[in-house]
Amino acid sequence: MLVAFQQIAAFKSYSSWSNDSAFQFVRSNSANTHNRSAKWTTPSAAIIPNFHLPMRSFEVKNRTSTDDIKSLRLITAIKTPYLPDGRFDLEAYDALVNMQIEDGAEGVIVGGTTGEGQLMSWDEHIMLIGHTINCFGTSIKVIGNTGSNSTREAVHATEQGFAVGMHAALHINPYYGKTSLEGMVAHFKCVLPMGPTIFYNVPSRTGQDIPPPVIHSIAASPNFAGVKECVGHDRVETYTKTGITVWSGNDDECHDSRWDHGATGVISVTSNLVPGLMRELLSKGKNPSLNEKLLPLMKWLFCEPNPIGVNTALAQLGVIRPIFRLPYVPLPLAKRVEFVNIVNGIGREKFVGDKDVRVLEDDDFILVGRY
């Protein structure tokens, strides 16, 4: 309460200063109307205290406990479909999210790598998070990817994401430019106060590992939900043995991570296509035969950098239009034929959508460079 009064006082002080200065300028300017040689010097800039305005996310109706996030087993890194002009195809998006809900996914990552957040403006990004929470927030947990290699952008986007109602944030470590381990900790501590947060370790994309000492240094925060870990089983077990929640970030390892190394579940690309089977893989005990059955699909999905495979697959299933925002382009014809065979081997009824799987011709795809 004291902080709030101090903030109000600061604004009143600033307002009073502004009004007095404006009056002095008008009076001075009026007096010098006939003296064109008179000089006017701008007053010193007011310094407004650096504080965060209250966000709507702090209202009870928008709050989700960190424990609720920690309990999620299957979280889908949801794909973002497009219209021919490159805008979001919200009708196809809503249908895809509904399929996830119907087949047992408990959460979605909005605007992650799979959702192509890296190809969105922040306006698009926050709009899609808000749209998802507005349409599906009572049926599934909405986790917005609001991470950035800029702390300023990460803080701002996370404030906006929680303001529009997302249940949790997903954050990566600063990529490309990287930083020291101390800088990484400082970066994470800037975004943690706003709400439940999952940290994402994917060195193959960021170029820098988040080592366990960094995670352990922030794990005591009440908003720390856990880690999406892509390094492997040993790293997963390092965390689970100390009570830290972990989701596998590798679909092809998630079965063993879950049942042999203590992972809570997976943040999955494959569940875009077969959410029911992925739910079964993680919730009904060890199932090596099902895992073996799904491995060829998982291998196919990651034969090129994600999300190229899942984009191609969903188009072949008729769930989304065959439209790519560049620099992504569809998998080649031979791979598309291979996907049809994989679908038929697993069973078309196990996949999302109700249209026949098709190979598609090269000319069926639209590549959008400006949108």
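Position 1 is the first residue of the sequence, and the numbers go up from there. Because the structure is predicted, anything quoted here is derived from the model rather than measured.
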> Show the numbers, then the answer: is there a side-chain hydrogen bond (donor to acceptor under 3.5 Å, both in side chains) between Asp251 and Thr270?
CA-CA 7 Å; Asp251 283 353; Thr270 308; 2.5 Å; yes
> Does Asn223 offer a backbone N or O that forms a donor-acceptor pair with the side chain of Ser221 under 3.5 Å?
yes
> Does a donor on one side chain and an acceptor on the other come within less than 3.5 Å for Glu116 and Tyr82?
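A donor-acceptor contact under 3.5 Å links the two side chains.
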> Both conditions, 6.0 Å and 45 degrees, for the charged tip of Arg325 above the ring of Tyr371: are they met here?
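Checked: cation-pi criterion met.
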> Taking the side chain as every heavy atom from C-beta outward, state whether Leu181 and Pro213 have any pair of such atoms under 4.5 Å apart.
no
> Do the non-hydrogen side-chain atoms of Ile198 and Val227 ever get within less than 4.5 Å of each other?
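Not touching, per the 4.5 Å side-chain cut-off.
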> Are side-chain heavy atoms of Val185 and Glu182 found at a separation under 4.5 Å?
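Sidechains of Glu182 and Val185: no contact.
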> Assigning hydrophobic clusters by single linkage (Ile, Leu, Val, Met, Phe, Trp, Tyr; side-chain heavy-atom cutoff under 4.5 Å), is Val97 placed with Ile109?
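No; tracing contacts between hydrophobic side chains, which count when under 4.5 Å, never links both residues.
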> Treat each ILVMFWY residue as a node, draw an edge where side-chain heavy atoms are under 4.5 Å apart, and state whether Val142 and Ile267 are in one component.
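No, Val142 and Ile267 fall in different hydrophobic clusters.
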> Please determine, by modelled atom types, if Asn173 and Asn201 share a side-chain donor-acceptor pair under 3.5 angstrom.
no
> Could you give me the CA-CA distance, side-chain angles and deciding distance for Arg258 and Val266, then say whether side-chain contact (heavy atoms from CB on, under 4.5 Å) is met?
CA-CA 8 Å; Arg258 167 80 177 98; Val266 65; over 6 Å; no
> Please find the pair of heavy atoms, one from Val340 and one from Gln316, that lie closest to each other, and give the distance.
CG2-NE2, 3.7 Å
> Starting at CD1 of Ile126, measure out to CD of Glu159 and round the result to the nearest 0.5 Å.
10.5 Å
> Counting only heavy atoms from other residues, nucleotides and ligands, does the tally under 6.0 Å from NZ of Lys70 exceed 12?
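Counting neighbours around NZ of Lys70, more than 12 heavy atoms of other residues, nucleotides or ligands fall under 6.0 Å, so yes.
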> Of the non-hydrogen atoms in Val246 and Glu229, which two are nearest, and what is the gap between them?
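What the structure gives for the nearest pair is CG1-CB, 3.9 Å.
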> When you look at CG of Asp260, are more than 12 heavy atoms from neighbouring residues, nucleotides or ligands closer to it than 6.0 Å?
yes
> Got Asn311 and Lys79 here, is their nearest side-chain heavy-atom distance under 4.5 Å?
yes
> Could you point out which residue of Thr132, Thr80, Leu128 forms a side chain to side chain contact (heavy atoms under 4.5 Å, CB included) with Leu90?
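Answer to the side chain to side chain contact (heavy atoms under 4.5 Å, CB included) test with Leu90 among Thr132, Thr80, Leu128: Leu128.
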> Regarding His131 and Asp94, do their side chains bring together a donor and an acceptor under 3.5 Å, going by distance alone?
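Short answer, yes.
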> Whether the side chain of Trp247 engages the backbone of Leu72 through a donor-acceptor N/O pair (distance < 3.5 Å, no angle test) should be reported.
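Yes, because the side chain of Trp247 sits within donor-acceptor range (under 3.5 Å) of the backbone of Leu72.
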> Shortest non-hydrogen contact from Arg336 to Val359?
NE-O, 3.1 Å
> Is there side-chain contact between Thr179 and His187, with heavy atoms separated by less than 4.5 Å?
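A side-chain contact is absent here, since even the closest heavy-atom pair is not under 4.5 Å.
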> Going by an N to O cut-off under 4.0 Å, is there a salt bridge joining Asp354 and Arg348?
no
> Looking at Val110, Thr197, Ile129, which hits side chain to side chain contact (heavy atoms under 4.5 Å, CB included) with Thr146?
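Testing each of Val110, Thr197, Ile129 against Thr146, the sole residue satisfying side chain to side chain contact (heavy atoms under 4.5 Å, CB included) is Ile129.
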> Test Arg279 against Glu106 for salt bridge (charged side-chain N to carboxylate O under 4.0 Å, His left out), laying out the working first.
CA-CA 9 Å; Arg279 175 71 177 176; Glu106 300 155 292; 2.8 Å; yes
> Is Arg235 salt-bridged to Asp209, cutoff N-O under 4.0 Å?
yes
> Measuring only between side-chain heavy atoms, which start at C-beta, is Tyr328 closer than 4.5 Å to Pro305?
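No; the side chains remain at least 4.5 Å from each other.
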> Flag the pair His167 / Asp68 as yes when at least one side-chain heavy-atom distance between them is below 4.5 Å, and no otherwise.
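No, every pair of side-chain atoms sits at 4.5 Å or beyond.
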> Count I, L, V, M, F, W, Y as connected when their side-chain heavy atoms are under 4.5 Å apart, and connections chain through other members. Are Leu96 and Phe351 then in the same cluster?
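Yes.
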> Heavy-atom count around Asn341 CG within 6.0 Å, excluding the residue itself: above 12?
yes
> With rounding to the nearest 0.5 Å, note down the distance linking CE in Met298 to CE in Met278.
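Answer rounded to 0.5 Å: 4.0 Å.
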> Is there a donor in the side chain of Trp122 and an acceptor in the side chain of Glu153, or the other way round, less than 3.5 Å apart?
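Yes, a side-chain donor-acceptor pair sits under 3.5 Å.
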> Fit a plane to each ring of His261 and His233, take the angle between them on a 0 to 90° scale, and name the class: parallel (under 30°), tilted (30 to 60°) or perpendicular (over 60°).
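Rings of His261 and His233: parallel, under 30°.
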> How about CG on Asp234, more than 12 heavy atoms from neighbouring residues, nucleotides or ligands closer than 6.0 Å, or not?
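For Asp234, atom CG is not crowded (no more than 12 foreign heavy atoms under 6.0 Å).
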> Taking it one step at a time, do Arg321 and Asp364 satisfy salt bridge (charged side-chain N to carboxylate O under 4.0 Å, His left out)?
CA-CA 9 Å; Arg321 302 171 194 247; Asp364 291 327; over 6 Å; no
> Counting only heavy atoms not in Glu91, do more than 12 sit closer than 6.0 Å to its CD atom?
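Check fails, neighbour count at 12 or below.
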> Go through the steps to decide whether Ile210 and Ile215 satisfy the test side-chain contact (heavy atoms from CB on, under 4.5 Å), and finish with yes or no.
CA-CA 7 Å; Ile210 305 175; Ile215 294 299; 3.8 Å; yes
> State, with a plain yes or no, whether a side-chain heavy atom of Lys350 is found less than 4.5 Å away from one of Val343.
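They are not in side-chain contact.
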> With rounding to the nearest 0.5 Å, note down the distance linking CZ in Phe88 to CD in Glu124.
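The distance works out to 4.0 Å.
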> Looking at Asn250 and Glu253, would you say the former's side chain and the latter's main chain have a donor-acceptor pair under 3.5 Å?
no
> Looking only at heavy atoms, what is the nearest atom pair of Asp85 and Val368, with distance?
O-CG1, 4.1 Å
> Can you list the steps and then say if Cys303 with Leu331 is a side-chain contact (heavy atoms from CB on, under 4.5 Å)?
CA-CA 9 Å; Cys303 66; Leu331 289 176; 3.8 Å; yes
> Measure across Ile101 and Ser139 and return the closest heavy-atom pair with its distance rounded to 0.1 Å.
CD1-CB, 3.9 Å
> Rounded to the nearest 0.5 Å, what separation is found between the CG atom of Leu360 and the CG atom of Asp363?
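If I round to the nearest 0.5 Å, the distance is 11.0 Å.
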> Among the clusters formed by ILVMFWY side chains lying less than 4.5 Å apart, do Val329 and Leu333 turn up in the same one?
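Same cluster: Val329 reaches Leu333 through Ile, Leu, Val, Met, Phe, Trp or Tyr contacts under 4.5 Å.
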> Could you tell me whether the side chains of Thr114 and Asn306 share a donor-acceptor contact shorter than 3.5 Å?
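There is such a pair between these side chains.
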> So how far is it from Cys254 SG to Arg73 CZ, rounded to the nearest 0.5 Å?
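Here the rounded value is 12.5 Å.
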> Is a donor from one side chain sitting under 3.5 angstrom from an acceptor on the other, for Asn291 and Ser289?
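No, no side-chain donor-acceptor pair sits under 3.5 Å.
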> Please say whether more than 12 non-hydrogen atoms of neighbouring residues, nucleotides or ligands are located less than 6.0 Å from CZ in Arg87.
no
> Roughly how far, to the nearest 0.5 Å, is CG of Asn145 from OG1 of Thr113?
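Rounded to the nearest 0.5 Å, the OG1-CG separation comes to 7.0 Å.
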> May I ask you to check whether Thr245 and Tyr239 show a side-chain donor-acceptor distance below 3.5 Å?
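Thr245 vs Tyr239: no donor-acceptor pair found between side chains.
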> Do side-chain atoms of Ser271 reach the backbone of Val274 as a donor and acceptor pair under 3.5 angstrom?
no
> Does a side-chain N-to-carboxylate-O contact under 4.0 Å join Lys284 and Glu280?
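No, Lys284 and Glu280 are not salt-bridged.
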> Answer with yes or no whether the hydrophobic clustering places Leu281 together with Leu301; edges join I, L, V, M, F, W, Y residues whose side-chain heavy atoms lie under 4.5 Å apart.
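Same cluster.
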> Any idea which heavy atoms bring Thr312 and Pro330 closest together, and the distance?
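Minimum heavy-atom separation between Thr312 and Pro330: OG1-CA, 3.5 Å.
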> What is the ring orientation for Phe199 with Phe224, classed by angle as parallel under 30°, tilted 30 to 60°, or perpendicular over 60°?
parallel
